[in-house]
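Have a look at the structure below, then the notes.
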Amino acid sequence: MTTTFVRHAFRKDLSRLLTDRVALALYFGIPLVIGFLILLLVGGERPKPVAHLVVADEDDSVVSGLFKTMLRSEQAGDFIRLEESDRAEGRAIVDDGGASALLVIPAGFQDAVLRESPAELELVTNPAETIKPMILKVGLEVLVDVVFYVHRIFGNELRKIVESTERDAPPTDEAIAEISIGINHVIRRIRKYASPPAITVNAVADEGPTGGVPMAHLMLPGIVLIGLLLMAQGLGSDVWAEKSAGTLSRAVSAPRPMAELLLGKVLANAVLVFAVSLVMLTIGMLFLDMPMERLPIALGWTTLSGVTFVLLFLWIFSLARSRRSGMVVTNSVVFPLMMLGGSFFPAEVMPAWMGAVGRWTPNGWSLERLKDILIGRADATALVVGAAGLVALALVLFFLTAARMRGSFARQ
Amino acid sequence: MIEVDGLRKSYGDFLAVDDVSFTAKPGKIFGLLGPNGAGKSTTIGCISGLLTPTDGHIRVNGHDVVRDGRSAKQGLGVVPQELSLYEEVSATENLLFWGAAYGMRGSELKSRVHDVLRYTSLLDRAEEPVKNYSGGMKRRINFGCAIMHRPKVLLLDEPTVGVDPQSRVRLFEMVKEQVEHGTAVLYTTHYMQEAELLCDELAIVDHGKLIADGTLEELRGMVGEKDILRLSGTFDPEKTRTALAPLQGARVVVAESDSVQLAVADASRRLPEIFEAITTTGGEVRETTLSQPSLETLFLKLTGKEMRK
């Protein structure tokens with residue numbers, strides 16, 4: 001083997017690839033567009049729904065104030081944004097679609113609560129919304145329950161506090177002491193139930209079929225593999241370009257082995273596969289905030305996989321009777337492979353049997369290892385064995401393709 | 001030198017080349033003449049190693065193309081019938097690639113690229129993509145790629161098909177220059193005039209068989225001194241053959257209902273008696289064409305038909 005011919009074959013094919021601007025734009029553009037669309041579909045953190053609640057406080061009392069304070073609390077604040085207004089203006093805001101609901105705290109609310117007589121809160125919901133008014137309704141029901149139990153426990157003391165605020169004179173030291181002692185006694189009485197709490201809630205988040213890995217992280221390898229497969233299909237058709245131009249039969253008449261010409265072609269394709277992989281992985285990993293130290297290994301893996309796919313398609317095209325039939329055959333291979341191999345839907349969310357089959361397609365197999373690399377769960381030994389397997393497959397495809405190129409394919 | 005001995009090439013039951021033998025000598029142009037489908041390109045394919053002969057032997061510069069293919073190919077330059085270039089890249093890139101394909105390297109390769117660019121008058125547009133070239137320029141660089149490695153044997157497979165007259169003349173000049181340097185040239189064509197103009201020796205093939213070979217003079221001698229007389233009109237083929245048979249020195253080559261062709265010595269002076277004989281059969285002559293002896297007439301004499309294109 002002479003490196004001179006390989007070098008010139010590489011240079012020639014790289015120049016040909018770089019002059020085809022449309023193909024280049026497609027190789028770089030298609031995976032980015034598909035990736036963007038898929039990530040829009042499944043990825044990204046959706047904002048939590050926050051219900052806008054307008055409160056018309058017609059009672060303007062201590063209890064209504066406490067009620068509003070609870071609605072403004074840190075916990076409730078994640079779901080409820082409170083705005084104060086009067087009844088008419090609040091209603092107008094809701095009618096204009098500017099708020100999810102209007103809460104009216106009627107005059108006499110405090111008296112009713114303290115004297116344990118019926119009290120009614122009025123909640124006017126926005127009919128154009130469904131989820132947010134429901135959040136407000138459930139939230140208010142919880143608050144009403146809280147008020148009920150607070151009243152059961154501290155009702156007497158609360159009544160004394162309210163009565164003291166309604167006098168013209170400030171409360172006496174004796175009155176304050178009496179309230180404090182009363183509260184202290186209640187706390188002592190309920191402490192054995194409240195601290196530690198008799199019931200604790202252990203919230204366990206369901207990791208789902210993805211094992212806790214964000215869906216977008218699982219989709220990235222699939223998107224990269226879509227790009228590689230489509231590009232490999234385009235590059236694989238080059239055997240027909242050589243045949244149609246007559247350069248293949250001319251090369252058969254030359255003394256240098258066909259393997260040298262093919263090696264130069266594969267190396268030129270490898271440069272393009274590397275460049276497209278670099279762009280796709282860098283953008284994807286930055287967008288998804290993935291650790292960039294995983295990029296070099298991922299890049300090595302995608303380049304090796306991409307070159308193997310190119311050789312697979314070169315071989316398939318060399319078996320076809322025409323360029324058109326080659327396109328039909330490879331199209332009928334590429335799209336099922338992408339679907340089954342986990343490029344559109346990760347194997348984790350496929351039916352079990354389909355996921356199992358998909359993991360053993362060439363792209364699915366490559367995709368699973370790329371996923372392991374990107375997520376940081378790749379085992380070094382398994383990766384080396386996998387790479388050795390890819391190299392072996394690539395070599396077999398290389399010699400099969402070279403044999404076709406110097407044989408009956410060139411002579412047809 | 002190319003030595004072809006008893007070459008046969010078959011595709012299933014179809015015999016494309018049938019027992020063809022000839023020798024193309026150094027410093028000479030050997031023409032392989034025949035209509036399309038005669039087996040010329042198949043013969044070239046077998047010599048260049050693209051096709052494997054079914055039977056027979058081919059030696060290029062003493063190397064058997066089947067058993068010692070690489071050595072045989074090393075001395076061959078091939079100018080295919082169709083342009084065989086990488087049109088997206090420059091002439092320089094093409095020449096570098098094809099030079100390297102024949103084992104050239106380093107400074108020798110670079111300097112030869114420069115020489116061939118100058119030889120093909122493409123130095124000033126050497127770095128331009130070939131797709132921007134005119135048809136004639138593409139033909140020149142196509143030829144240039146074949147002579148990069150200074151081959152001792154050059155195969156040209158109908159190199160002037162679709163070429164404008166000016167480019168054709170330049171191509172002929174380049175072929176002759178190679179021959180002056182001692183290169184053996186095998187030139188296939190279906191243009192009789194081209195073969196007469198260029199070739200030192202010729203073989204005429206039809207339906208895969210070699211039907212005549214020799215120098216141009218030897219082949220002309222096979223025709224004899226007879227002219228070819230073509231008559232168009234309305235004829236009774238059988239009666240016409242019978243009526244013309246007694247004429248001395250005349251032979252009916254073709255007799256059909258709308259045309260008759262005769263090989264006849266001194267045809268211009270014998271036209272009256274020929275017309276008279278035809279008139280007795282009830283035939284009518286509307287147009288007359290007279291041709292001097294040529295390869296065309298030889299082909300007609302040997303095959304009973306005109307050269308198809």
Side-chain angles (χ1 to χ4, degrees), chain A residues 1-24 234-235 237-265 267-269 272 402-412, chain B residues 9 11 41-42 44-52 60 63 65 68-90 92-106 108-110 113 127 129-131 142 145-146 148-149 151 155 157:
Chain A
M1 177 174 289
T2 67
T3 56
T4 306
F5 184 49
V6 174
R7 199 173 69 245
H8 284 290
F10 164 78
R11 204 170 120 174
K12 173 263 297 179
D13 273 313
L14 191 60
S15 300
R16 290 173 66 224
L17 289 172
L18 295 178
T19 53
D20 192 349
R21 302 268 165 82
V22 175
L24 276 181
L235 296 173
S237 69
D238 194 49
V239 282
W240 272 96
E242 291 260 13
K243 184 179 166 65
S244 307
T247 47
L248 185 61
S249 52
R250 193 170 203 169
V252 173
S253 302
R256 297 309 316 162
M258 187 57 73
E260 292 183 11
L261 183 147
L262 182 59
L263 181 58
K265 187 180 291 298
L267 290 174
N269 289 340
L272 192 60
R404 285 290 300 165
M405 286 172 74
R406 71 169 171 265
S408 53
F409 177 68
R411 295 165 185 169
Q412 281 166 4
Chain B
K9 177 65 187 176
Y11 299 96
S41 293
T42 305
I44 290 267
C46 290
I47 297 169
S48 66
L50 182 63
L51 302 173
T52 308
V60 174
H63 302 285
V65 295
D68 191 11
R70 189 178 278 194
S71 300
K73 287 175 179 179
Q74 188 61 53
L76 265 179
V78 182
V79 182
Q81 189 170 347
E82 303 293 333
L83 290 170
S84 302
L85 299 164
Y86 294 104
E87 297 217 356
E88 309 93 323
V89 300
S90 66
T92 302
E93 287 275 11
N94 270 283
L95 292 172
L96 282 169
F97 174 79
W98 290 113
Y102 283 84
M104 298 179 81
R105 52 164 65 181
E108 182 206 10
L109 177 59
K110 283 181 185 168
V113 166
E127 302 309 320
V130 170
K131 64 183 175 189
N142 196 41
C145 291
M148 267 297 292
H149 59 295
L155 307 181
D157 189 7

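A note on names: the letters A, B, ... follow the listed sequences, proteins ahead of strands, and every chain is numbered from 1. This structure is a prediction, so every number in the text was calculated from the model and none was measured.
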**Prompt:** Are the side chains of A/Thr19 and B/Glu87 in touch, meaning some heavy atoms are under 4.5 Å apart?
**Reply:** no
*Given side chains that start at C-beta, do those of B/Glu88 and A/Leu17 come closer than 4.5 Å, heavy atoms only?*
no
Rounded to the nearest 0.5 Å, the CZ atom of B/Arg105 sits from the OG1 atom of A/Thr3 at a distance of 6.5 Å
Minimal heavy-atom distance between A/Arg250 and B/Pro80, with the atoms involved, is CZ-CD, 3.8 Å
Taken to the nearest 0.5 Å, the spacing of A/Phe5 CZ from B/Trp98 CH2 works out to 7.0 Å
When the 4.5 angstrom heavy-atom criterion is applied to B/Asp157 and chain A, the contacting part is neither
Interface check, chain B: of A/Arg7, A/Glu242, A/His8, most non-hydrogen pairs under 4.5 Å belong to A/His8
Honestly, the part of A/Thr247 sitting under 4.5 Å from a heavy atom of chain B is both
Applying a strict 4.5 Å limit to non-hydrogen atoms, the region of B/Leu50 in contact with chain A is both
So, the part of B/Ala146 with a heavy atom under 4.5 Å from chain A: the answer is both
When every non-hydrogen atom of A/Ser15 is compared with those of B/Val89, the smallest separation belongs to CB-CG1, 3.5 Å
If one checks every heavy atom of A/Leu18 against chain B at 4.5 Å, the contacting part turns out to be neither
Applying a strict 4.5 Å limit to non-hydrogen atoms, the region of B/Glu82 in contact with chain A is neither
Okay, A/Ala251 and chain B: the region with an atom under 4.5 Å from a heavy atom over there is both
Less than 4.5 Å apart, side chain to side chain, heavy atoms only: is that true for A/Pro257 and B/Arg70?
yes
In terms of heavy-atom contacts, B/Tyr102 and A/Ser253 come closest through OH-O, 3.6 Å
Whatever's closer than 4.5 Å to a heavy atom in chain A on B/Leu155 counts as neither
Between A/Asp13 and B/Phe97, is there a side-chain heavy-atom distance shorter than 4.5 Å?
no
